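None of these values were measured; they are calculated from a predicted model. Basis for what follows: all heavy atoms, side chains included, without hydrogens, waters or symmetry-related copies.
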Amino acid sequence: MRSIFNRLNTSPPQSVAVVGMRRTGKSSILYHCSFESIKQRYMDEPEKYIFTFLDLQSVRGIDVSGFFKHIGELAKTSLLNMSLPDKFLPDISLPDISDQESFLEFLKKLEEIDMNWIILLDEFEILARNSKFGPDFFSFMRSTATTHNLAFVTSTGTHLEKLCHTREIADSPFFNIFVSVHLGPFSQSTAEDMIERLSESSGIPLKEHAEALVEKAGRLPMYLQMGCAALFDFFIQEGSQKPDWLQVRELFLGEARSHFSYLWRNFSEQERMVLCRLSCKMKADDRSLTHVVRNLSKNGLIDEIKGKKKISSQWFREFISEMAEIDPPRSFEKKGWFGQMIERFSFKKETKDADLQVSDINAKKSSFSLKFGGSKDSEHRKNSEHQVSKLTVMFTDIKGSTSFFEMYGDVEGINMIQRHNELLFPVIEEKKGNIIKTIGDAIMASFNKPVESLRAAVQMQRILSEENKNLPIEKQIHIRIAMNQGNGIMKDGDVFGDVVNTASRMESLADSGQIIISEDLYNEIKDQADLPCRFLTKAKFKGKQKETGIYEVLWKE
């Protein structure tokens, strides 16, 4: 917060880009910047600043005119809530904002009473990716910010110029006016001090467990908070003063697993490879991966101790080990992988949950042979009960759930996901689909009949569309759906193979309210009159030689 206000306190104020991973507190920081108490604490002359906070997630799809209108209404509300000197009030005759001209006039009126305008734009990537905002808009904003008492504070998951929908906008000098403030992990001393101080005031001191908590949960604020909450819950439930870390871990993962899964789904192939290597004590210092390691370190997921790199959280490292088995990165070296895993699991651990029996290792060997194309002798076939079937795989994802959790908290967020599940699960089951798993706010399902899978997707979108009509914008649920057809390996109620990997990667191409399908699936359903489609694009996914045709299902009546 101090870094942000140091830049806003200058004359004229300087624009700031707050950058950080999901759930690192970006939205909370922007929201609290406009609080009167925060202004009083960090600003030299707080009465000379008007703060306008706009959550772009709540106005998704807005155009330029709508943006200016929203900003104007919020600014007037902010002024009314400020304790301005009486001598200023008669002089304020501010125009309604609807375009660039009235925006500039509004700003000049503020300058007449010696005021600075700070516009806080949460989830700025939504605007940067909106094709309705072209180069002229960003050029105007840059010119206005550099010549008037105006500054922007944005929050994004990555650097601004990487988010734009065209190269022309990404190269715009608009982004040169920002100074980046990166949200990362606490230092070791800060993390332990926070645990000690806050737990002491709560009546359940955790000082003697602080170092162990940081080791297991990591130094990222949200996961550290989850670790503390899990330990609190354990002490309250068990009435014990000595933690059983196995039980605490399960309590922690009950909340953290969905967030870890989100990270895994959105990691690049190289990031997955680095994390998988580190999870089994392999080196990850190839020259070609230097920038990947640097970024993971900056985000608090990798630590370097005495020249050696390791995943910063024991519980996150164990999660990565699980994912390396279930969904390994394609570029990961197959040769020697299983040997490295045996070495990792034979390493002596402090906690008993890390001990593996010979039977467990044999089971894992069978699983790894299946996934990595290992030995297929008769004994392997006998012990691995699996079958290959042609099926349709569906991935869904709630758009904006990150912002919802940050704005309304975990309880409301869980309630929202529960409502989503209650509406959509019956549709999948009605169309004879199988819900393979849920990962936080995402669903993975499979269908034997491609036509029924598409009808399920259409019905899901229509149900949510109808449900949203009676809800305020910020409480609406919007999903994106991606589907692929192909051969999948079915084992123990789960599905593996290229059909799954492609569907998962397609999901990131879909927008809110869209249903996109692969060319293979389109060829199966293209003659169905009730399922009209249009060609969107061709995409080349990592690990595949050929481009995949992508089609959109036109479900809106």
Side-chain angles (χ1 to χ4, degrees), residues 1-20 25-56 67-97 100-124 127 138 140-156 160 173-183 407:
M1 193 71 80
R2 186 173 290 109
S3 296
I4 294 172
F5 277 94
N6 283 344
R7 289 158 176 81
L8 297 180
N9 259 325
T10 59
S11 182
Q14 190 173 10
S15 295
V16 180
V18 179
V19 182
K26 303 184 298 294
S27 295
S28 296
I29 284 179
L30 258 68
Y31 181 62
H32 283 84
C33 278
S34 60
F35 281 26
E36 192 65 28
S37 59
I38 299 296
K39 289 168 59 179
Q40 294 288 341
R41 180 177 178 180
Y42 290 103
M43 305 206 81
D44 298 330
E45 298 179 285
E47 70 280 359
K48 291 187 176 182
Y49 290 81
I50 172 177
F51 282 74
T52 301
F53 174 83
L54 176 58
D55 176 11
L56 290 164
F67 171 82
F68 282 126
K69 181 179 179 182
H70 268 80
I71 288 294
E73 292 173 349
L74 291 169
K76 286 188 175 182
T77 301
S78 298
L79 277 170
L80 291 174
N81 292 333
M82 289 178 65
S83 300
L84 291 173
D86 291 341
K87 64 178 182 178
F88 288 157
L89 295 179
D91 298 326
I92 299 178
S93 177
L94 296 168
D96 292 330
I97 299 179
Q100 294 182 5
E101 185 178 349
S102 52
F103 178 89
L104 191 55
E105 184 182 351
F106 188 101
L107 180 56
K108 289 178 178 178
K109 287 285 186 180
L110 289 178
E111 291 177 330
E112 288 178 9
I113 55 173
D114 195 25
M115 293 196 72
N116 301 273
W117 192 4
I118 311 298
I119 298 178
L120 309 159
L121 299 174
D122 190 26
E123 297 210 34
F124 183 77
L127 187 147
F138 291 100
F140 169 77
M141 285 302 188
R142 180 189 187 281
S143 173
T144 308
T146 54
T147 55
H148 294 276
N149 295 341
L150 171 70
F152 301 97
V153 182
T154 62
S155 75
T156 56
L160 298 179
F174 169 75
F175 299 103
N176 297 337
I177 68 175
F178 288 87
V179 173
S180 293
V181 172
H182 193 95
L183 296 187
M407 186 64 69

| query | Do you know the tightest heavy-atom contact between Gly72 and Ile97? | reply | CA-CD1, 3.6 Å

| request: For the pair Ser143 (side chain) and Phe140 (backbone), establish whether a donor and an acceptor sit closer than 3.5 Å, ignoring hydrogens and angles. | output: no

| note | Residues at least two apart in sequence or cross-chain that pass ring pair (Phe, Tyr, Trp, His ring centres under 6.0 Å) with Phe35, listed by chain then number, are Tyr31, His32

| Taking Tyr49 for the side chain and Pro13 for the main chain, is one N or O donor matched with an acceptor at less than 3.5 Å? | no

| message | Pair Asn6, Gln14 - check side-chain contact (heavy atoms from CB on, under 4.5 Å), show working. | response | CA-CA 9 Å; Asn6 283 344; Gln14 190 173 10; over 6 Å; no

| field | Steps toward side-chain contact (heavy atoms from CB on, under 4.5 Å) verdict (Val153, Phe51) | value | CA-CA 10 Å; Val153 182; Phe51 282 74; 5.9 Å; no

| note | Scanning both residues in full, the closest heavy-atom pair of Ser102 with Asp96 reads CB-O, 3.4 Å

| said: Assess the residue pair Leu183 and Ile29 against the criterion (side-chain contact (heavy atoms from CB on, under 4.5 Å)); give the C-alpha distance rounded to whole Å, side-chain angles, the decisive distance to 0.1 Å, and a yes or no. | reply: CA-CA 10 Å; Leu183 296 187; Ile29 284 179; 3.7 Å; yes

| Between Phe124 and Phe175, what is the ring plane arrangement, given parallel below 30°, perpendicular above 60°, and tilted in between? | perpendicular

| query | Are any of the side-chain heavy atoms of Phe53 and Leu74 separated by less than 4.5 Å? | reply | no

| message | Please find the pair of heavy atoms, one from Asp122 and one from Ser27, that lie closest to each other, and give the distance. | response | OD2-OG, 2.7 Å

| query | Looking at CE of Met43 and SG of Cys33, how far apart are the two atoms once the value is rounded to the nearest 0.5 Å? | reply | 9.5 Å

| message | Contact between His148 and Leu104 at the side-chain level, heavy atoms closer than 4.5 Å - yes or no? | response | yes

| Tell me, do Thr144 and Phe152 make a side-chain contact under 4.5 Å, heavy atoms counted? | no

| field | Closest approach of Ile177 to Arg142 (non-hydrogen atoms, all atoms of both residues) | value | CG2-CG, 3.8 Å

| query | Can you tell me how far the CD1 atom of Ile118 sits from the CD1 atom of Ile50, to the nearest 0.5 Å? | reply | 10.0 Å

| Do Lys26 and Thr156 have side chains that get closer than 4.5 Å, going by heavy atoms? | no

| Just how far is it from atom CG of Leu121 to atom CG of Leu30, taken to the nearest 0.5 Å? | 8.0 Å

| request: Please examine the side chains of Ile38 and Phe5, heavy atoms only from C-beta on, and report whether any two atoms are closer than 4.5 Å. | output: yes

| said: Is the ring pair Trp117/Phe106 parallel, tilted or perpendicular, if the boundaries are 30 and 60 degrees? | reply: tilted

| query | Glu111 side chain to Asn149 main-chain N or O, any donor-acceptor pair under 3.5 Å? | reply | yes

| If you measure from the Lys or Arg side-chain nitrogens to the Asp or Glu carboxylate oxygens, is any gap between Lys39 and Glu36 under 4.0 Å? | yes

| field | Nearest-0.5 Å distance that lies between atom CD1 in Ile4 and atom CG in Asn9 | value | 12.5 Å

| request: Please confirm whether the backbone N or O of Thr10 pairs with a side-chain atom of Asn116, one donor and one acceptor, at under 3.5 Å? | output: no

| said: Within the structure provided, determine whether Leu54 and Ile119 are in side-chain contact (heavy-atom separation under 4.5 Å). | reply: no

| query | Any chance NE2 of His70 has more than 12 other-residue heavy atoms, nucleotides or ligands included, within less than 6.0 Å? | reply | no

| Is the side chain of Ser155 donor-acceptor paired with the backbone N or O of Glu123 at a distance under 3.5 Å, no angle test? | yes

| note | Smallest heavy-atom separation, Thr154 atom then Ala17 atom, equals OG1-CA, 3.5 Å

